[in-house]
Enquirer: 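One structure follows; several queries about it will come next.
Values in this document were obtained by computation on a predicted structure and should not be read as measured data. Computed over heavy atoms, backbone and side chain alike; hydrogens, waters and symmetry mates excluded. Below, read A as the first sequence line, B as the second, and so on, with proteins coming before strands; counting in each chain starts at 1.
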Amino acid sequence: MARAATNRRKTINTILAWSVGLLIFFPILWTILTSFKTEGDAIAYPPKFLFFDWTLENYSIVQERSNYMRYLWNSVIIAGGSTLLGIIIAVPAAWSMAFVPSKRTKDILMWMLSTKMLPAVGVLYPIYLMFIKLGLLDTRLGLVIVLMLINLPIIVWMLYTYFKEIPAEILEAARMDGASLKSELLYVLTPMAIPGIASTILLNIILAWNEAFWTLNLTAAKAGTLTAFIASYSSPEGLFYAKLSAASTMAIAPILILGWFSQKQLVRGLTFGAVK
Amino acid sequence: MGKITLQSVRKSFGDVHVIPGIDLEINDGEFVVFVGPSGCGKSTLLRLIAGLEDISAGSIAIDGLDATHLPPAKRGLAMVFQSYALYPHMSVRKNIAFPLKMAGMDPAEQERRVTHAANILNLTNYLERRPGQLSGGQRQRVAIGRAIVREPSAFLFDEPLSNLDAALRVSMRQEISELHQSLKTTMIYVTHDQVEAMTMADKIVVLNAGRIEQVGSPLTLYHQPDNVFVAGFIGSPKMNLITGPTAAAHGCHTLGIRPEHLDIRADGIWEGRVGLAEHLGSDTFLKVDAGALGTLTVRATGEVGLRHGDVVRLAPQEGRLHRFDQDGKAIRG
Amino acid sequence: MATKASRSAARLMMAPAVILLLGWMLVPLIMTLWFSFRNYLPLKGGDLGFAGFDNFIRFVTSTSFWPAIGATMTIVVGALVITIVFGVLLALLLDQPMWGQGIVRILVIAPFFVMPTVSGLVWKNMFLDSVNGLFAQIAKMFGATPVEWIIDQPFPSLILIVSWQWLPFATLILLTAIQSLDSEQLEAAEMDGAPPLKRFWYITIPHLSRAITVVLLIETIFMLSIFAEIKMTTAGAFGTKTLTYLIYQRVLESQNVGLGSAGGVYTIILANIVAIFLMRLVGKNLDA
């Protein structure tokens, strides 16, 4: 807006926007608050908003559940591993498509996108069967592979849109300066693309961390992630609000923080560059 | 050394023949300018010489050695790009040293050459800055510096001044010319600006639709254009090209006369009415509507008291007429 | 625009990604197609032979098929309407000058980062529960009878949860689109005498139409396959068995792989119809 808004209008906007924002955020806020309550306070009527006996007891109880750390660790390994693997495969592919485009580049990109749209449930059994045959069921490796594959199109696309913004002349200059293909990727492209690569990594960690369909259907106690850990609270433990809240808070906190950092890149990643 | 020979070089993108076949000899130490309208293939030709594109047929030799299939890095050429193509994540020092680092040169020698180049180009105080912190002219100098340190056998410039403002363009033009004087290395320079071509070149190559229209020194092209295209392209304002009975009377299809070779005289043979008058102080450009001859541009020296609507008589200077045949070729003699 | 050497290098570097995705797409797809024509019952001895089109016919004629289509449509359409309408309004609001814009943005985006199992469970237990849920408690405060949301109002409940998760996505994308609107266009319209509502209708909405379509298509694709939200709340009970959930039950719970695969083929076709429209839009953008 070129014009300065009047203060009154700005005040109204602010009040309105903050109310809506807080309303939308409220379920998360309520979960976080409840995680610090005793079970009694959590279901007290009338509900206690801030004035209750703050306690960390729920966190220690949840952590003491012998397997919490394993689920957390699985989440870290699987989200990180699948993203890293995806990046390693996607960087060269995106480089090729951005800087050595051919007539088929566009078709390949579109086709990659189409694999992302394959409904998971349509291929659930074949994957399940292969996992049994290959001994991958309920293993971290299996889930790393599947999550890498489902997110690979997004990784390639995001990197492609970032790489496209790097002028081809700079890479040609490097070639003129005597850089080999390896040096070109290592000394010129990668350093220039670091912000793009970083936000791609961030978004994909978020997607992998929150993935539910394959995680719930292909893992159990051994390789389950926090998604599965929370699912185990469905009932009757879900009725222990404070503990459910503590577990939920621990599961979503890391990703909320990462997500806030990557919000600007989110649009590009999730719309495949269709909205800028 | 920097002698470059192109032999029937052709380039096609699919069915599009960008360059249908070019033979060209560039001598060591020459300043050669490729000039032509946009899309004429001049940049493609430069990129073929650089090795950034494969040639479809023909051969390129550098200093007598066949370079047709050599990768860019092995040709011993350096290039300055239109966008400068500086590495934004490296300091000026690192940008300039990059080709030396790639060549695996000893760090002390790298340092010596970078310092030397920075001295020549007045960049000594900016060596630790990033390209983003430099002005357009300074970036241009860094790009040149990166080319100089390699001590290449030839420099390639791809429209290097087109991103600069008018004043800076003039001074950079002089700097590049001076650089050529002191280095005496072959330079190939691509531009669409015929003023740059005229002021800088030892030899101009005029390109049109992927073909060479004429090769020659600036004044050769000015005085003896081989064809209508070159006649119209070189010189500003453009040469007047007259067709019809007047041309036929001179025994040609097209008659050319440069604006500066038309005198306003009471005994002039052509009559016309002044349309637009552009007063530049040093010169006055007049657009004269001369009936059947069409609109003629006239360049008069100094201030002329003519205005819109005035009737003038024009006399073409003796021996300054250019005659072209049906195919646009110059008729000489 | 490159040399032969770099082109062959490019092909080599693209190969791993292409081969992996090709395998990931084709192998399971062919297997699903194969199973869909077989009587495949792992618990009753495995592959019991060719079934022709039986599975396809049985899947669409079973009593649960049309309810599943209805449930899917209800949730997808309901959540789409809510997220897009409120998304546009919210994006317009967030585009206005205000204090603490960055913080409000963060508040609004947050639900998108909550994993589906968490949002399913938290909503079901802490908000929609008829005894201790916050909604029930608020109802009690006003003297109303608490509603057994998940059981009596399963669709509004699910639509609420799904919309809450996807509203941030819609808002964020629409906000990005609004911010790319050239303010000079609006100023020109203002100079031309267009009042605010008309400016919104004739300038802003057409400008947003592309972004709205993108949101519509992407959300449709994701919402057609929502799973964890249903598993965590109704587990497919109370009529909320969507197509995805129905197939999941056929395949993994009752282990009728042939029948489930036939259903899978249907969803793949359905998703592809939506995908074609989305890809066209994205493809157009690639050319630009």
Enquirer: When heavy-atom pairs shorter than 4.5 Å are enumerated against chain C, which of A:Ala228, A:Pro126, A:Gly86 gives the highest number?
Expert: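 Sorted descending by pairs with chain C, the first entry is A:Pro126.
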
Enquirer: Does any backbone or side-chain atom of C:Leu90 lie under 4.5 Å from a heavy atom of chain A? Answer side chain, backbone, both or neither.
Expert: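 For C:Leu90, the contact with chain A is made by the side chain alone.
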
Enquirer: Do you know which of A:Thr115, A:Leu22, A:Asn210, A:Val146 has the most heavy-atom pairs under 4.5 Å to chain C?
Expert: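 The option with the most such pairs is A:Asn210.
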
Enquirer: Any side-chain heavy-atom pair from A:Ile24 and C:Leu107 closer than 4.5 angstrom?
Expert: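 Of all side-chain heavy-atom pairs linking C:Leu107 with A:Ile24, none is under 4.5 Å.
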
Enquirer: Looking at C:Trp99, I want to see if its CH2 is surrounded by more than 12 non-hydrogen atoms of other residues, nucleotides or ligands under 6.0 Å.
Expert: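 It does: C:Trp99 CH2 has more than 12 such atoms within range.
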
Enquirer: Shortest non-hydrogen contact from A:Ile255 to C:Phe113?
Expert: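 Looking at all heavy atoms of both residues, the shortest contact is CG2-O, 2.9 Å.
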
Enquirer: What distance separates C:Arg11 CZ from A:Arg104 CZ, expressed to the nearest 0.5 Å?
Expert: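 So the CZ of C:Arg11 and the CZ of A:Arg104 are separated by 6.5 Å.
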
Enquirer: Considering all heavy atoms of both residues, which atom of C:Gly133 and which atom of A:Tyr241 are nearest to each other, and what is their separation?
Expert: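 For C:Gly133 versus A:Tyr241, the nearest heavy atoms are N-OH, 3.9 Å.
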
Enquirer: Measure A:Ala90 against the heavy atoms of chain C and call it side chain, backbone, both or neither at under 4.5 Å.
Expert: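 Neither part.
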
Enquirer: Determine the option with the most heavy-atom pairs under 4.5 angstrom with chain A, choosing from C:Leu134, C:Leu224, C:Ile30, C:Leu175.
Expert: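 Among C:Leu134, C:Leu224, C:Ile30, C:Leu175, the one with the most close pairs to chain A is C:Leu134.
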
Enquirer: What part of C:Lys231 lies closer than 4.5 angstrom to a heavy atom of chain A: side chain, backbone, both or neither?
Expert: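 For C:Lys231, the contact with chain A is made by the side chain alone.
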
Enquirer: Measure C:Trp123 against the heavy atoms of chain A and call it side chain, backbone, both or neither at under 4.5 Å.
Expert: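 The side chain, not the backbone.
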
Enquirer: So what's closer than 4.5 Å to chain C heavy atoms on A:Phe229: side chain, backbone, both or neither?
Expert: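 No part of A:Phe229 comes within 4.5 Å of chain C.
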
Enquirer: Over all heavy atoms of both residues, which pair between C:Gly100 and A:Trp18 is shortest? Give the atoms and the distance, please.
Expert: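 Of all heavy-atom pairs spanning C:Gly100 and A:Trp18, the closest is O-CZ2, 3.8 Å.
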
Enquirer: Over all heavy atoms of both residues, which pair between A:Ala251 and C:Met115 is shortest? Give the atoms and the distance, please.
Expert: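 Nearest heavy atoms, A:Ala251 then C:Met115: O-CE, 3.8 Å.
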
Enquirer: Would you name the heavy atoms of C:Trp24 and A:Ile127 that are closest together and state the gap between them?
Expert: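 Distance-wise, the nearest heavy atoms are CZ3-CD1, 3.4 Å.
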
Enquirer: Are C:Val122 and A:Ser245 packed together at the side-chain level, in the sense that at least one heavy-atom pair is separated by less than 4.5 angstrom?
Expert: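 No. Closest side-chain heavy atoms not under 4.5 Å.
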
Enquirer: So do A:Trp111 and C:Val18 actually touch side chain to side chain, heavy atoms under 4.5 Å?
Expert: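 A side-chain contact under 4.5 Å exists here.
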
Enquirer: Quick one: which of C:Ile103, C:Ile276, C:Val27 has the most heavy-atom pairs under 4.5 Å with chain A, could you say?
Expert: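 When all of C:Ile103, C:Ile276, C:Val27 are compared, C:Ile103 has the most.
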
Enquirer: Would you give the length of the straight line joining atom CG of C:Leu93 to atom CD1 of A:Ile12, rounded to the nearest 0.5 angstrom?
Expert: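 Separation between the atoms: 11.5 Å.
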
Enquirer: Taking the side chain as every heavy atom from C-beta outward, state whether C:Leu21 and A:Pro153 have any atom pair closer than 4.5 Å.
Expert: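 C:Leu21 reaches A:Pro153 side chain to side chain.
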
Enquirer: Quick check on A:Ile88 against chain C: is it the side chain, the backbone, both or neither that has a heavy atom closer than 4.5 Å?
Expert: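 Neither part; nothing is under 4.5 Å.
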
Enquirer: Using non-hydrogen atoms only, which part of A:Ile155 is less than 4.5 Å away from chain C: side chain, backbone, both, or neither?
Expert: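 A:Ile155 has no heavy atom closer than 4.5 Å to chain C.
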
Enquirer: Where is the tightest heavy-atom contact between C:Asn125 and A:Leu244, given as atom of each residue plus distance?
Expert: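 Smallest heavy-atom distance, with atoms named: ND2-CD2, 3.7 Å.
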
Enquirer: Below 4.5 Å from any heavy atom of chain C, which atoms of A:Leu129 appear? Answer side chain, backbone, both or neither.
Expert: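 The side chain, not the backbone.
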
Enquirer: Is it the backbone or the side chain of A:Leu181 that comes under 4.5 Å from a heavy atom of chain C, or both, or neither?
Expert: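 Only the side chain of A:Leu181 comes within 4.5 Å of chain C.
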
Enquirer: Could you tell me which of C:Ser119, C:Pro16, C:Ser225, C:Pro116 has the largest number of non-hydrogen atom pairs under 4.5 Å with chain A?
Expert: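 The residue among C:Ser119, C:Pro16, C:Ser225, C:Pro116 with the greatest pair count is C:Pro116.
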
Enquirer: Would you say the side chain of C:Tyr248 lies within less than 4.5 Å of the side chain of A:Leu124, judging by non-hydrogen atoms?
Expert: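 A side-chain contact under 4.5 Å exists here.
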
Enquirer: Are any non-hydrogen side-chain atoms of C:Leu20 and A:Met148 less than 4.5 angstrom apart?
Expert: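 Contact flag for C:Leu20/A:Met148 side chains = yes.
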
Enquirer: So which of C:Val108, C:Val257, C:Ile247 has the largest heavy-atom pair count under 4.5 angstrom toward chain A?
Expert: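 Heavy-atom pair counts peak at C:Val257.
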
Enquirer: Pick from A:Ala93, A:Ser248, A:Ala212, A:Pro27: which one has the most heavy-atom pairs with chain C under 4.5 Å?
Expert: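 The option with the most such pairs is A:Pro27.
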
Enquirer: Checking C:Thr117 side chain against A:Thr227 main chain: does a donor-acceptor pair fall under 3.5 Å?
Expert: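 Yes, the answer is positive, given that a donor and an acceptor are paired below the 3.5 Å cut-off.
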
Enquirer: Got a second to check how far A:Ser114's OG is from C:Asn272's CG, nearest 0.5 Å?
Expert: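 So the gap between those two atoms works out to 7.0 Å.
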
Enquirer: Determine the option with the most heavy-atom pairs under 4.5 angstrom with chain C, choosing from A:Val123, A:Leu118, A:Ile108.
Expert: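 Max contact count across the listed options: A:Val123.
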
Enquirer: For C:Gln96, is there any backbone N or O sitting under 3.5 Å from a side-chain donor or acceptor partner on A:Asn13?
Expert: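 No, A:Asn13 side chain to C:Gln96 backbone: no donor-acceptor pair under 3.5 Å.
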
Enquirer: With a 4.5 Å cut-off on heavy-atom pairs, point out which of C:Glu229, C:Gln179, C:Met141 contacts chain A the most.
Expert: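 Ranked by heavy-atom pairs under 4.5 Å with chain A, first place is C:Met141.
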
Enquirer: Take C:Met14 and A:Thr105 through the test side-chain contact (heavy atoms from CB on, under 4.5 Å) and record every step on the way to the result.
Expert: CA-CA 10 Å; C:Met14 217 147 62; A:Thr105 299; 5.7 Å; no

Enquirer: With a 4.5 angstrom heavy-atom cut-off, could you sort out which part of A:Ile89 is near chain C: side chain, backbone, both or neither?
Expert: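 The answer is both parts of A:Ile89.
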
Enquirer: Between C:Val104, C:Ile106, C:Val251, which has the largest tally of heavy atom pairs under 4.5 Å with chain A?
Expert: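 Top option by heavy-atom pairs under 4.5 Å: C:Ile106.
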
Enquirer: For each of A:Gly21, A:Pro92, A:Ala168, A:Ala247, tally heavy-atom pairs with chain C at distances under 4.5 Å, and name the one with the top tally.
Expert: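 Ranked by contacts with chain C, first place is A:Pro92.
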
Enquirer: Checking heavy atoms, do the side chain of A:Trp95, its backbone, both or neither come under 4.5 Å from chain C?
Expert: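 The side chain, not the backbone.
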
Enquirer: Quick check on A:Leu216 against chain C: is it the side chain, the backbone, both or neither that has a heavy atom closer than 4.5 Å?
Expert: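 Contact with chain C is through the side chain of A:Leu216 alone.
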
Enquirer: Check each atom of C:Val215 against the heavy atoms of chain A and say whether the ones under 4.5 Å are side chain, backbone, both or neither.
Expert: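 Neither the backbone nor the side chain of C:Val215 comes within 4.5 Å of chain A.
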
Enquirer: Could you look at A:Thr11 and say if it's the side chain, the backbone, both or neither that has a heavy atom under 4.5 Å from chain C?
Expert: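 For A:Thr11, the contact with chain C is made by backbone and side chain together.
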
Enquirer: Would you sort out whether C:Phe227 and A:Trp214 count as a side-chain contact (heavy atoms from CB on, under 4.5 Å), showing the intermediate values?
Expert: CA-CA 10 Å; C:Phe227 173 76; A:Trp214 293 113; over 6 Å; no

Enquirer: Can you tell me which of A:Val156, A:Val121, A:Ile252 forms the most heavy-atom pairs within a distance under 4.5 Å of chain C?
Expert: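 Heavy-atom pairs under 4.5 Å are most numerous for A:Val121.
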
